[in-house]
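Worksheet: the structure to be examined is printed underneath.
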Amino acid sequence: MVGDAVERARRFVQRLRVERSRVDRDVEEPPQRVGKHAVFGSTGVAQRMREHRRKLSGPREAPGTVQLMEFRRINALPPYVLGVMDALKIEARRAGEDIIDLGFGNPDIPSPDVAVKKLAEAVENPRNHRYSSSRGIPKLRLAITDLYRRKFGVDLDPDTQACTTIGAKEGFSHLMWVLLGPGDAALVPSPSYPIHIWGPLFAGAEVRHVRLGPNQNFFENLLEGWTDSWPRPRVIVLSFPHNPTTACVDLEFMTRMVDFAREHEVLLVHDFAYADLGFDGYEPPSLLQVPGATDVAVELYTLTKSFSMAGWRMGFLLGNAEVVAALAKLKSYLDYGTFQPIQIASIVAMNEAPDYPVEVNEVYRGRRDALVDGLARSGWEIEKPKGTMFVWAPVPPPYEELGSLEFAKLLIRDAKVAVSPGVGFGPGGEGFVRFALVENEHRIGQAVRGIRRALTKLG
Ligand SMILES: Cc1ncc(COP(=O)(O)O)c(C=O)c1O
């Protein structure tokens, strides 16, 4: 008996050694490439992984080939349009071209000095190196609710109606997880900032596109979208001033939306990323300014554009207490909060540099004028936007048949200017390109001259 057990153990150890040597060989053998697949040794780990996948999902690869895993959620994603244009830009720069990058809306204006100094000071304190609160430390939530009181005359409870997010983008994405699931639907403007479409889709919900932009009556389109949708959408996504179309709305529009939401029992989610970017006397309204809005609405505010603090990843969800609590609960499972020195410096930005957004706004206004006036002199007429840090430009008629992607490629190649093709923002974006005002006026002047030289068909 004992002898049998010893023999079984010996054989087991022997088998392990053989397996181990196969694993080592698989790991050590450098993979070769066959087509787009990596090819490992035909025994051991790679083999077992192939067999396991075949059992799960049937054969779909040549023997000896390891196909990268089939992933969930991201498979349907088209290449991120900004990524496609980025690749072209990098290629041109490698070839020695000076490309003026008006494609990616990545703010170039420095963050407020007081915030930078406070960050450096706070990081020295070891107490700030620990996990922080995922909802945001109390003084940070107080600072954002104070800002809302000062700027919009809106009273919010920092304990129940405010939660920090890792920028508006993360806040929006995870908010969709708690609001939507398979079988649900959301109404989303189209064209759109991509996560407004993909956030609901990642959550498993359906998206109904509501056309927005020049010559569109968004509210009428929304009513139509609502009537045509079954099941009724649980969420309506709004975002004004709007990226990419630069469409702006007034408080009356927001009031109609709140009335609509109340009547139809639907939640409004307003991404207010361009809260402080309004020109020529236009002041973007907060959805929460509408009396009673917090019954049916939440709003995302971010320091990214207003305080030019993009890399700091500091945003907030504000408004309806139940919805704020739901996101805070999910976030408490997902993250441990933003690095505390960033939270502390963000408090200082809002409290001690409250006029910084006005300065930022003035910089973007100057750039907008330089671009739109310059292009008009070249024969490309574009309406001046009243808000955002973008210009949404119709592809000029002589180039219309190219479509926005080919036209954007032409601008990189011949004008040395990178823009975002409208088609990347959803079906409603075709026929337009988006300029991001993230280079200084001198460079924008240079871009205009390049465009004038390149667009020879303009009158
Ligand atoms: C509408 C909109 N929401 C959110 C963001 C990203 O904001 P944040 O940096 O706060 O994630 C952007 C950035 O371009 C945007 O245009």
Side-chain angles (χ1 to χ4, degrees), residues 80-83 85-86 101-109 111 115 136 140 144 147 162-176 186 188-200 202 210 212-213 218 235-249 268-278 284 286-287 298-318 327 331 335 338 342-343 346 349-350 357 360-361 364 385 387-392 418-420 422 424-426 428-429 432 434-438:
Y80 198 56
V81 71
L82 303 179
M85 293 310 293
D86 241 20
D101 189 2
L102 305 178
F104 181 18
N106 192 354
D108 63 314
I109 303 167
S111 305
L140 179 61
I144 185 62
L147 182 149
C163 169
T164 58
T165 60
I166 310 168
K169 196 177 189 185
E170 179 274 337
F172 181 85
S173 315
H174 285 140
L175 181 60
M176 293 301 118
V188 180
S190 182
S192 235
Y193 179 57
I195 198 64
H196 292 171
I197 296 170
W198 290 101
F202 284 149
V210 181
L212 171 66
F218 179 69
V235 168
I236 297 177
V237 176
L238 301 171
S239 187
F240 296 103
H242 186 250
N243 173 17
T245 67
T246 73
C248 293
V249 298
L268 305 176
V269 174
H270 184 221
D271 179 349
F272 202 21
Y274 302 96
D276 294 278
L277 299 189
S286 158
L287 178 59
V298 283
E299 184 161 271
L300 287 149
Y301 182 90
T302 165
L303 303 194
T304 285
K305 308 291 158 54
S306 301
F307 289 84
S308 215
M309 291 172 67
W312 303 56
R313 314 308 301 128
M314 182 51 67
F316 302 90
L317 183 73
L318 303 150
L327 180 68
K331 280 175 67 67
D335 74 68
T338 298
I342 293 181
Q343 298 194 44
S346 299
M350 287 186 276
V360 169
N361 192 54
Y364 286 126
T388 74
M389 51 182 282
F390 304 110
V391 169
W392 185 238
V419 299
S420 296
F425 299 98
F432 291 82
R434 190 198 72 178
F435 291 87
L437 301 169
V438 291

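Counting starts at 1 for both ligands and their atoms, following the listed order.
Screening L277, N243, T388 for a side chain to side chain contact (heavy atoms under 4.5 Å, CB included) with K305, the sole residue that qualifies is L277.
Between H196 and Y193, the ring planes lie perpendicular to each other; the angle is over 60°, past the 30° to 60° tilted range. Ring geometry for Y301 versus F316: interplanar angle of 30 to 60°, hence tilted.
Put simply, no part of G105 is less than 4.0 Å from ligand 1, judged by heavy atoms.
Judged by distance alone, with hydrogens and angles left aside, the side-chain atoms of N361 form a donor-acceptor pair with the main-chain N or O of G278 at under 3.5 Å. T165 places a side-chain N or O within 3.5 Å of a backbone atom of G167 that can act as its donor or acceptor partner. Panel note: side chain T245, backbone G213; no donor-acceptor pair is recorded below 3.5 Å. Remark: side-chain polar atoms of T246 are not paired, donor with acceptor, to backbone N or O of P385 under 3.5 angstrom.
When hydrogens are left out, the protein atom nearest atom 6 (C) of ligand 1 is Y193 OH, 3.3 Å; that is the closest non-hydrogen contact. Residue, atom and distance of the protein heavy atom nearest to atom 11 (O) of ligand 1 are R313 NH2, 2.7 Å. Of all protein heavy atoms, the one lying nearest to atom 14 (O) of ligand 1 is K305 NZ, 2.9 Å. Of the protein's non-hydrogen atoms, A168 CB, 3.9 Å is the one closest to atom 7 (O) of ligand 1.
In summary, the atoms of ligand 1 found under 4.0 Å from a heavy atom of S239, numbered by their order in the structure, are 1 (C). Atoms of ligand 1 found under 4.0 Å from any heavy atom of N243 (numbered from 1 in listed order, with element): 14 (O), 15 (C), 16 (O). Close approach to T302 involves these atoms of ligand 1, each under 4.0 Å from a residue heavy atom: 8 (P), 10 (O).
Residue contacts with ligand 1: Y274 is placed with a nitrogen or oxygen under 3.5 Å of a nitrogen or oxygen of the ligand (distance criterion only).
Of the listed residues (V237, L300, D271, T304), the one carrying the non-hydrogen atom nearest atom 3 (N) of ligand 1 is D271.
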